[in-house]
Amino acid sequence: MILDIVQAGDPVLRRPARPLVAGEIDTPFVQELIASMRQTMYAAPGVGLAAPQVGEGLQVLVMEDGPQSMGTMSPARCQELDRRPLPFTVLVNPVVEPIGDDVVEFFEGCLSVTGYSGLVRRWRAVRVHALDHTGRAVEMDLAGWPARIVQHESDHLAGALYVDRMDPRSYTTNANLGRFWKARPPAEVRETIGAGTDLWPALRSR
Ligand code: ZN
């Protein structure tokens, strides 16, 4: 079943999601939730979806990336973003930790913040500990765009949105992202928009 994706402002997106307990993953409710999240992600279309985005405050996420999602993106652009095939993956109760110190910055959007994007810094590579759709413990190392996807979706489970992490001055409609920013290196975008400008001193002096 294709589910409605809730939008920013819905309290469910701000509540930390509850971990699933042993034996709960096998229940029809959770298995149907996973199947519906998969269908909903494909229909959106998107490369990741977390349960709070469909109104369920549970620590479940799904993700998948591949040629069907990369669409008309050029090979050069795919390489720049470090997009690589990510088979359909279900993660329950995921814990994400960085591998190394490398940080990468790209524009990122969210199905719960429809129509907008912003520059977000993420770990380039991460290790994930979780349970799979059968409740089995899994560990996986992800790098590049898949690492970004799992960081984004795990944030949802903690009640966080990418807008909490983005440089707020980079916030853009997707139309303007394509028109002005997408083709430019993130460092050049930062320079142009005055990323990191501190507005508080001016406000504090009032
Ligand atoms: Zn999202």
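Just so you know, ligand 1 is whichever comes first in the structure, and atom 1 is the first atom listed for that ligand.
- We find that Asp155 and Arg122 are joined by a salt bridge, their nearest charged nitrogen and carboxylate oxygen being less than 4.0 Å apart.
- Around the CD atom of Gln79, the shell of radius 6.0 Å holds no more than 12 heavy atoms that belong to other residues, nucleotides or ligands.
- Ordered by chain and number, Cys110 SG, His152 NE2, His156 NE2 make up the set of protein N, O or S atoms under 2.8 Å of the Zn ion (ligand 1).
- Here the side chains of Arg77 and Glu80 are in contact, with some heavy-atom distance below 4.5 Å.
- Residue pairs meeting the side-chain hydrogen bond (donor to acceptor under 3.5 Å, both in side chains) criterion with at least one member in residues 1-25, sequence neighbours excluded: Gln7-Thr114, Arg14-Asp164, Arg18-Glu24.
- Applying the side chain to side chain donor-acceptor pair (under 3.5 Å) test between Glu108 and each of His152, Arg121, Arg165 identifies His152 as the sole match.
- For the pair Arg38 and Phe88, the cation-pi criterion (under 6.0 Å, within 45° of the ring axis) is fulfilled.
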